[in-house]
Amino acid sequence: PCIVRIRKGTAASQFSATQVETLNFSNLSKYVSENSFAIEKSALDDKGWSLVNKQSQNLLNKLRKAGIPLGEYVKGKIYRGITTGLNEAFVIDDMTRKQLISEDSTSKELLRPFLFGKDIKRYEPPKSNKYLIFVRRGVNIKNFSAIEKYLLTSKDRLMPRPKHYEGTNWKGRKPGAYKWYEIQDTTVYYLEFEKPKIMLPDISLRGNFIFDSEGYYCVNTAYIIGNADKYLLGILNSQLVTFIYKGMASTYRGGYLRFIQQYLEKIPIRPIDFNNPSEKAIHDKLVTLVDRMLELHKKKNSL
């Protein structure tokens, strides 16, 4: 939330802002007066404001100039997770997966390992006992008898609401061109889930990125970055990127950050000139450290 206070008068070149870090005060005006800092209007970007003090703003500007936006670095390959419209029907446990396969071996073709946002933890290998029944647009459900039978038990909640329905008690999903047994969104980029990639939850206290080479899909409260660059993974998990992100996005209750595409794609990433031996050496050292972190977290999880 943002509280804006304005008054009639001549426009100034700067204004005061306050980041309210605590509610442990008795007078808001006094708290604002004691904790405010100046913001130059000329420093505000039409694409989004960073309400930080001048010193932090200068540092953020310097960091942005030293890199290129993440969206450009990964050629736009930042994708939201899967929106099924009804996770209770499409997300199953391992026991149900085995049952579906035992009833019809072709079921395996539509089952994908699946992560929720809480399953994605910094540098840790992806791990989950959940699976997604990934019935995308155009799949002939008649070829997957066990899955069709399973989804039929939830058909009333899976039906897309007719466009001109005027009632208020529709039990199914929102209107759309999908069939009752298909996931809600088109997810035309689904093949990116099956490639080596970087994944992250959309709510976290800091940069919280993992590397996945096992073809995990994820819920729509998480994102994937279609890039297997471990140098990039190291940068994204750094305290520096968390600092930069806090300067771009709002902090939520409890200090949490919301990692969403419009801010993610602006994170500055320092490109490497591989023709420059010193830059290549920095890249290689960071990749070695990231590999070590991945290996240590893998060992920790196996204990």
Side-chain angles (χ1 to χ4, degrees), residues 67-82 91 111-132 134 187 189-245 256-261 263-272 274 279-303:
I68 63 175
L70 176 61
E72 180 181 340
Y73 188 89
V74 300
K75 297 179 173 58
K77 291 185 175 183
I78 301 174
Y79 305 107
R80 194 180 184 187
I82 304 294
V91 181
L111 301 176
R112 304 288 190 274
F114 193 71
L115 298 175
F116 286 95
K118 63 183 177 60
D119 300 319
I120 301 174
K121 301 175 182 177
R122 184 171 175 262
Y123 283 122
E124 293 195 6
K127 183 179 180 181
S128 174
N129 66 346
K130 300 296 184 183
Y131 293 83
L132 172 69
F134 186 56
T187 318
Y189 49 83
Y190 71 94
L191 289 176
E192 294 294 335
F193 287 94
E194 300 177 8
K195 301 175 184 177
K197 59 189 177 294
I198 293 171
M199 306 179 76
L200 67 146
D202 74 346
I203 296 179
S204 182
L205 288 169
R206 56 155 301 156
N208 196 5
F209 299 79
I210 67 169
F211 178 76
D212 169 49
S213 60
E214 299 179 30
Y216 273 87
Y217 283 50
C218 63
V219 73
N220 59 357
T221 54
Y223 284 85
I224 67 169
I225 299 173
N227 190 299
D229 186 353
K230 292 180 180 177
Y231 162 79
L232 176 61
L233 178 64
I235 291 177
L236 292 174
N237 272 328
S238 69
Q239 292 184 20
L240 180 60
V241 162
T242 297
F243 165 76
I244 293 171
Y245 201 84
Y256 284 89
L257 295 167
R258 186 77 187 272
F259 287 82
I260 54 179
Q261 185 159 349
Y263 297 128
L264 280 171
E265 60 190 13
K266 295 178 183 177
I267 296 173
I269 304 297
R270 176 73 161 82
I272 294 293
F274 287 95
E279 288 197 20
K280 184 179 183 303
I282 291 172
H283 169 275
D284 293 348
K285 183 177 181 180
L286 181 54
V287 170
T288 298
L289 291 171
V290 169
D291 280 331
R292 180 64 174 155
M293 287 292 287
L294 293 171
E295 183 62 28
L296 287 172
H297 279 82
K298 185 177 181 180
K299 288 182 178 179
K300 182 190 74 171
N301 284 359
S302 66
L303 295 177

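Residue numbers start at 1 and run along the sequence shown.
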Assess whether side-chain contact (heavy atoms from CB on, under 4.5 Å) is satisfied between N301 and E124, documenting all intermediate values. CA-CA 8 Å; N301 284 359; E124 293 195 6; 3.6 Å; yes
Applying side-chain contact (heavy atoms from CB on, under 4.5 Å), run through H283 and F274 and close with a yes or a no. CA-CA 9 Å; H283 169 275; F274 287 95; 3.8 Å; yes
Derivation and outcome, side-chain contact (heavy atoms from CB on, under 4.5 Å), residues I210 and L200: CA-CA 7 Å; I210 67 169; L200 67 146; over 6 Å; no
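Contact check for I269 versus L236: side-chain heavy atoms found under the 4.5 Å cut-off. In this structure, the side chains of T221 and P201 stay at 4.5 Å or more apart for every pair of heavy atoms. At a threshold of 4.5 Å between non-hydrogen side-chain atoms, the residues T187 and F193 count as touching. Considering only heavy atoms from C-beta on, Y79 stays 4.5 Å or farther from I225 through its side chain. Side chains of I235 and L286 form a contact here, defined as non-hydrogen atoms less than 4.5 Å apart. Two residues are said to be in side-chain contact when any heavy atoms from C-beta on lie closer than 4.5 Å; L115 and M199 meet this criterion. In this structure, K230 and L294 have side chains that are in contact, with non-hydrogen atoms separated by less than 4.5 Å. Between L70 and I78 the shortest side-chain heavy-atom distance falls below 4.5 Å.
Remark: I260 CD1 to E265 CD distance equals 10.0 Å, nearest 0.5 Å. Atom CD1 in I198 sits 12.0 Å away from atom CD1 in I120 (nearest 0.5 Å).
Side chain of Y245 to backbone of R258: a donor-acceptor contact under 3.5 angstrom is found. Side chain of S238 to backbone of V241: a donor-acceptor contact under 3.5 angstrom is found. Under the 3.5 Å distance criterion, the side-chain polar atoms of N220 are left unmatched by any main-chain donor or acceptor of G81. Y189 contributes a side-chain N or O that, together with a main-chain N or O of R80, makes up a donor-acceptor pair within less than 3.5 Å.
Between the side chains of Y73 and D229, at least one donor-acceptor pair of N or O atoms lies under 3.5 Å.
The salt bridge (charged side-chain N to carboxylate O under 4.0 Å, His left out) check on E72 picks up nothing, with sequence neighbours excluded. Applying the salt bridge (charged side-chain N to carboxylate O under 4.0 Å, His left out) rule to K285 yields no partners; only residues at least two apart in sequence or on another chain are considered.
Closest approach of Q239 and R206 over heavy atoms only: N-NH2, 3.8 Å. The minimum heavy-atom distance linking L257 with L205 is given by the pair CD1-O, 4.1 Å.
Of the options P125, P126, P196, C218, a side chain to side chain contact (heavy atoms under 4.5 Å, CB included) to D212 is made by P126 and by none of the others. Screening Y131, F134, F114 for a ring-ring contact (aromatic ring centres under 6.0 Å, His included) involving Y217 leaves a single residue, F134.
Relative orientation of the F259 and F209 rings is perpendicular, given thresholds of 30° and 60° on the angle between their planes.
Heavy-atom neighbours of Y256 OH from other residues, nucleotides or ligands within 6.0 Å: at or below the threshold of 12.
Salt-bridge check for E295 with K298: failed, with every basic side-chain N at 4.0 Å or more from each acidic carboxylate O.
Annotation: cation-pi geometry not satisfied between K197 and F211 (NZ/CZ under 6.0 angstrom from ring centroid, within 45° of ring axis).
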